[in-house]
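Here is the structure we will look at.
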Protein chains: 2
Amino acid sequence: MKIITVSREFGSGGREVGKRLADRLGIPCYDREIIDMVAEKQGLDKNYVEYMSENDIRLFYPSTIGRSFYAPTLSAPYAIQIAATEHQIIKELSLKSDCVIVGRCADVILKDQNPLRLFVYADEQSKLVRCRNRASNNENLTDKELARKIKEVDQKRAAYRKSYTEHRWGDYRGYDLCINTSGKEIKILLPGLVSYVNGWFYSRLN
Amino acid sequence: MKIITVSREFGSGGREVGKRLADRLGIPCYDREIIDMVAEKQGLDKNYVEYMSENDIRLFYPSTIGRSFYAPTLSAPYAIQIAATEHQIIKELSLKSDCVIVGRCADVILKDQNPLRLFVYADEQSKLVRCRNRASNNENLTDKELARKIKEVDQKRAAYRKSYTEHRWGDYRGYDLCINTSGKEIKILLPGLVSYVNGWFYSRLN
């Protein structure tokens with residue numbers, strides 16, 4: 001089974017890398033679709049699931065254990081349930097067919113299946129440009145505000161990862177290939193990436 | 001001009017990656033040859049040049065500035081001279097033809113020429129195996145001693161880099177592509193890597 005997981009810095013084009021890679025390999029790519037599946041399975045609102053699954057699970061827990069007046073928030077059981085469902089869905093998808101999974105700590109969740117773990121990153125300027133070109137809801141932000149937003153999303157991702165795994169987000173040692181998309185058009189990098197990925201899976205068989 | 005620099009963890013096979021990549025691209029690969037060139041130019045012993053150019057330049061300097069009884073060691077002027085000659089030779093080689101340069105902070109020295117900066121790494125077990133298979137002078141070391149040696153070489157590389165540049169050795173942000181060779185035969189990864197490298201340089205032109 002060929003499983004490719006994509007971790008990425010916000011604005012680095014990691015999602016595009018995942019989608020294009022899946023297209024070239026003729027396999028499905030799962031990204032936000034996982035949120036939708038969790039919401040459906042749990043009968044919860046998509047936005048709520050997204051919010052809960054993007055934040056450090058410890059946010060929903062008391063900061064001091066052992067003091068009875070710091071009770072867990074009402075959200076804590078949901079956070080665990082959502083994480084567990086997400087985990088289960090990722091596992092099921094990975095057993096169904098070859099696929100690309102973007103984000104959601106899939107590299108750690110699917111560790112036993114020996115996925116190719118990709119990390120996509122870029123310099124600050126390139127991430128700013130990519131975010132500007134992409135999202136209409138960034139229109140009103142100054143460069144400084146947008147740069148802060150990019151940083152905040154990555155900090156959240158790092159915290160989310162930290163709450164579920166022992167591997168530090170962005171530590172190259174946890175990935176098989178790290179690609180820098182600064183100033184690059186992803187579609188031009190793709191044929192080479194596909195070729196590298198094929199060689200990597202081939203070498204696993206030999 | 002296509003310049004590829006290879007930074008690597010000790011035992012990760014970075015040197016092999018550099019040599020094979022250069023072979024496939026039909027361009028020269030410079031590694032220890034640079035030491036030889038520096039030695040010849042300066043009329044110094046190769047081993048001495050190697051030692052001096054692998055250690056943090058600050059080793060040869062007083063640890064406390066402003067106290068007259070901590071004079072620079074006798075080696076300090078040589079360390080600077082060697083570093084300057086190495087710098088000059090790397091620059092000259094990069095202007096002569098497309099090439100691969102392994103180590104020696106070439107990625108930073110040649111920054112203005114926009115090289116493809118490769119970083120090669122592997123997990124501890126893979127580095128142990130590679131070192132065992134490679135070098136006869138590791139024969140008498142236990143696994144624990146060899147692991148310590150690997151770590152020490154990397155620490156020296158990090159310190160060397162720190163003494164010359166602002167970029168932290170092993171920080172993925174300073175590289176364009178980071179490849180994990182754990183459990184992989186490098187020759188099998190090569191066709192994919194060549195393809196990625198070609199795409200990367202092509203994208204620079206477009």
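Chain naming here is simple, since letters A, B, ... match the order of the sequence lines and numbering starts at 1 in each.
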**OP:** For chain A, find which of B/G199, B/C178, B/S195 contributes the most heavy-atom pairs closer than 4.5 angstrom.
**Re:** B/C178
Subject >> Any B/Y202 side-chain heavy atom under 4.5 Å of A/P191 side chain >> reply: no
**OP:** Could you tell me whether B/K111 atom NZ has more than 12 heavy atoms of other residues or ligands within 6.0 Å of it?
**Re:** no
Original post:
Is it the case that more than 12 heavy atoms not belonging to B/K41 sit under 6.0 Å from its NZ atom?
Top reply: yes
Original post:
Which value, rounded to the nearest 0.5 Å, describes the distance between A/R173 atom CZ and B/Y121 atom OH?
Top reply: 9.5 Å
**OP:** Give a yes or no on this: more than 12 heavy atoms of other residues, nucleotides or ligands lie within 6.0 Å of atom CD of A/E124.
**Re:** no
Subject >> Other residues, nucleotides, ligands: >12 heavy atoms within 6.0 Å of A/K19 NZ >> reply: yes
**OP:** Identify the heavy atoms of A/L189 and B/Y196 that sit nearest to each other, and give their distance.
**Re:** CD1-OH, 3.6 Å
Subject >> Contact origin within A/F119 toward chain B - heavy atom pairs under 4.5 Å >> reply: side chain
**OP:** Check B/I188 against A/S203 and note the closest heavy-atom contact, atom names and distance.
**Re:** CG2-CB, 3.4 Å
Subject >> Heavy-atom contact with chain B under 4.5 Å, split by part of A/Y172 >> reply: both
Subject >> Minimum-distance pair of heavy atoms, taken over all atoms of B/R117 and A/N180 >> reply: NH2-ND2, 4.0 Å
Original post:
Should the heavy atoms of other residues, nucleotides or ligands under 6.0 Å from CD of A/E40 be counted, would the total exceed 12?
Top reply: no
Original post:
Between B/D176 and chain A, which part of the residue has a heavy atom less than 4.5 Å away: side chain, backbone, both or neither?
Top reply: both
